[in-house]
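Before any comments, here is the structure.
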Amino acid sequence: MITIGIIGAGHIGSQVARKAVELGYDVVISNSRGPETLQDLVAELGPKARAATSAEAAAAGDFAVVTVPLKNYKDVPVEPLAGKIVIDTNNYYWERDGRIPALDNGEATTSGMLQEHLPQSKVAKGFNHIMAKDITTDGTPAGTENRRALATASGHPEAAELVTRLYDEFGFDTVNVGPLSESWRVERDRPAYVARQNATELKDNLAKAPRTI
């Protein structure tokens with residue numbers, strides 16, 4: 001059975017864990033405060049989930065989901081994620097994270113920053129432009145008319161393919177934006193951000209996204 005290491009147990013991390021367990025995945029989930037603070041969530045998730053440190057979750061996962069505040073991305077463990085696919089849900093909220101000139105000036109992307117921090121990992125953007133509550137409620141079977149679509153981006157085709165498979169299992173179509181350098185198109189305040197859209201609408205919104213806000 002495939003195990004997902006989830007680093008970050010906030011709204012998105014908890015919802016991804018809920019859906020993953022429902023689909024039969026094993027989940028090892030962590031936060032910055034310690035495994036003992038996650039007992040209620042793990043009890044809710046059931047026997048296919050356990051709490052751990054971030055390093056333990058990274059090591060246990062066949063792949064990982066990183067869903068921490070952007071300002072904390074350098075706390076993500078590097079060595080246990082080497083060689084693994086890492087799905088990055090990060091968004092830049094300058095009110096929380098402080099100003100990051102490279103993002104303000106359109107010179108970097110949030111996922112690109114994580115990829116630089118994890119040079120031996122294969123980072124892909126995912127689950128960053130959907131409200132957390134919708135992750136477990138908006139999915140529909142493949143082929144459903146007007147099925148909701150989500151975007152991914154990665155410099156590693158196998159990482160984008162994994163996100164595509166996971167999205168489909170969660171009930172969403174996928175639009176591949178291309179490399180991480182294009183992932184700004186689905187970042188905060190762009191037309192595709194948290195809008196409910198099908199694949200055609202998502203492609204249109206990605207195309208008209210401004211580089212800087």
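Screening residues 63-92 for salt bridge (Lys or Arg N to Asp or Glu O under 4.0 Å) gives Asp88-Lys125 as the qualifying pairs, with residues at least two apart or on separate chains. Among pairs with a residue in residues 197-213, none fulfils salt bridge (Lys or Arg N to Asp or Glu O under 4.0 Å), at least two apart in sequence or across chains. Within the structure, salt bridge (Lys or Arg N to Asp or Glu O under 4.0 Å) pairs that include any residue of residues 169-178 comprise Arg147-Asp173 (at least two apart or interchain).
Asp168 places no side-chain N or O within donor-acceptor distance of the main-chain N or O of Thr164, the cut-off being under 3.5 Å. Between the side chain of Gln115 and the backbone N or O of Leu118 there is at least one donor-acceptor pair closer than 3.5 Å. Counting only distance, with no hydrogens or angles, the side chain of His129 and the backbone of Ala192 share a donor-acceptor pair below 3.5 Å. Between the side chain of Ser121 and the backbone N or O of Val123, no donor-acceptor pair lies under 3.5 Å. Looking only at distances, a side-chain donor or acceptor of Gln197 sits under 3.5 Å from a matching main-chain atom of Ala195.
Taking Lys133 as the reference, Met131 meet the side chain to side chain contact (heavy atoms under 4.5 Å, CB included) condition, with sequence neighbours excluded. Partners of Phe127 according to the ring-ring contact (aromatic ring centres under 6.0 Å, His included) rule, which considers only residues two or more places apart in sequence or in another chain, are Tyr167, Phe170. Partners of Ser30 under the side chain to side chain contact (heavy atoms under 4.5 Å, CB included) rule, at least two apart in sequence or in another chain, are Ile7, Ser54, Ala57. When the salt bridge (Lys or Arg N to Asp or Glu O under 4.0 Å) test is applied to Arg165, no partner is found at least two apart in sequence or on another chain. By the salt bridge (Lys or Arg N to Asp or Glu O under 4.0 Å) test, Arg99 pairs with Asp104, sequence neighbours left out. For Glu182, the salt bridge (Lys or Arg N to Asp or Glu O under 4.0 Å) criterion is met by Arg185, not counting sequence neighbours. For Arg148, the salt bridge (Lys or Arg N to Asp or Glu O under 4.0 Å) partners are Asp134, Asp138, not counting sequence neighbours.
Taken from CG in Asn198 to CZ in Phe172, the straight-line distance is 13.5 Å, to the nearest 0.5 Å. Put simply, NE2 on His156 and CD1 on Ile85 are 9.0 Å apart, with the number rounded to the nearest 0.5 Å. Between atom NZ of residue Lys19 and atom OG1 of residue Thr137 there is a gap of 9.0 Å, rounded to the nearest 0.5 Å. Here Leu150 contributes atom CG and Thr174 contributes atom OG1; the two are 7.0 Å apart, rounded to the nearest 0.5 Å. Rounding to the nearest 0.5 angstrom, the gap separating the CG atom in Leu162 from the CD1 atom in Ile87 is 5.5 Å. Residue Thr212 holds its OG1 atom at 11.5 Å from CG of Asp189, rounded to the nearest 0.5 Å.
Looking at heavy atoms from C-beta onward, His117 lies in side-chain contact with Val78 at the 4.5 angstrom threshold. Within the 4.5 Å cutoff, the side chain of Leu41 has heavy atoms near those of the Ser14 side chain. Between Ser183 and Ser154 there is no side-chain heavy-atom pair separated by less than 4.5 Å. At least one side-chain heavy atom of Asn128 sits under 4.5 Å from a side-chain heavy atom of Val186. In this structure the side chain of Ile2 reaches within 4.5 angstrom of the side chain of Phe63, judged on heavy atoms. In this structure, Ile213 and Arg188 have side chains that are not in contact, with every pair of non-hydrogen atoms separated by 4.5 Å or more. At least one side-chain heavy atom of Leu70 sits less than 4.5 Å from a side-chain heavy atom of Leu103.
Minimum heavy-atom separation, Tyr25 to Leu166: OH-CD1, 3.7 Å. Shortest non-hydrogen contact noted between Asn91 and Asp97 is O-OD2, 3.7 Å. Here the shortest heavy-atom pairing between Tyr92 and Ile100 reads OH-N, 2.9 Å. Of all heavy-atom pairs between Asn90 and Thr110, the closest is O-OG1, 3.4 Å. Summarising the geometry of Val177 relative to Ala153, their closest heavy-atom pair is CB-CB, 4.1 Å, with the distance given to 0.1 Å. Minimum heavy-atom separation, Gly34 to Asn31: N-OD1, 2.9 Å.
The 12-atom threshold is exceeded at CD of Gln39, counting heavy atoms of other residues, nucleotides or ligands nearer than 6.0 Å. Taking a 6.0 Å sphere around CG of Asn105, one finds it holds more than 12 heavy atoms contributed by other residues, nucleotides or ligands.
In the hydrophobic cluster analysis, where Ile, Leu, Val, Met, Phe, Trp and Tyr join through side-chain heavy atoms closer than 4.5 angstrom, Val175 is grouped apart from Val163. Under the 4.5 Å side-chain heavy-atom criterion for ILVMFWY residues, no single connected hydrophobic cluster contains both Val76 and Ile6. The hydrophobic clustering, which links ILVMFWY residues whose side-chain heavy atoms are closer than 4.5 Å, places Ile130 and Ile4 together. Leu206 and Leu180 end up in different hydrophobic clusters when Ile, Leu, Val, Met, Phe, Trp and Tyr side chains are linked at under 4.5 Å.
The one candidate from Leu114, Val68, Thr67 that meets the side chain to side chain contact (heavy atoms under 4.5 Å, CB included) condition with Thr89 is Thr67.
Residue Met1 is found outside any hydrophobic cluster, as its side-chain heavy atoms come under 4.5 Å of no other Ile, Leu, Val, Met, Phe, Trp or Tyr.
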Can you give me every donor-acceptor pair (side chain of residues 44-53, partner residue at least two apart or in another chain, under 3.5 Å) with its distance?
from	atom 1	to	atom 2	distance (Å)
Glu44	OE1	Arg18	NH2	3.2
Glu44	OE2	Arg18	NE	2.6
Lys48	NZ	Gly24	O	3.4
Lys48	NZ	Asp26	OD1	2.9
Thr53	OG1	Glu56	N	3.1
Thr53	OG1	Glu56	OE1	3.3

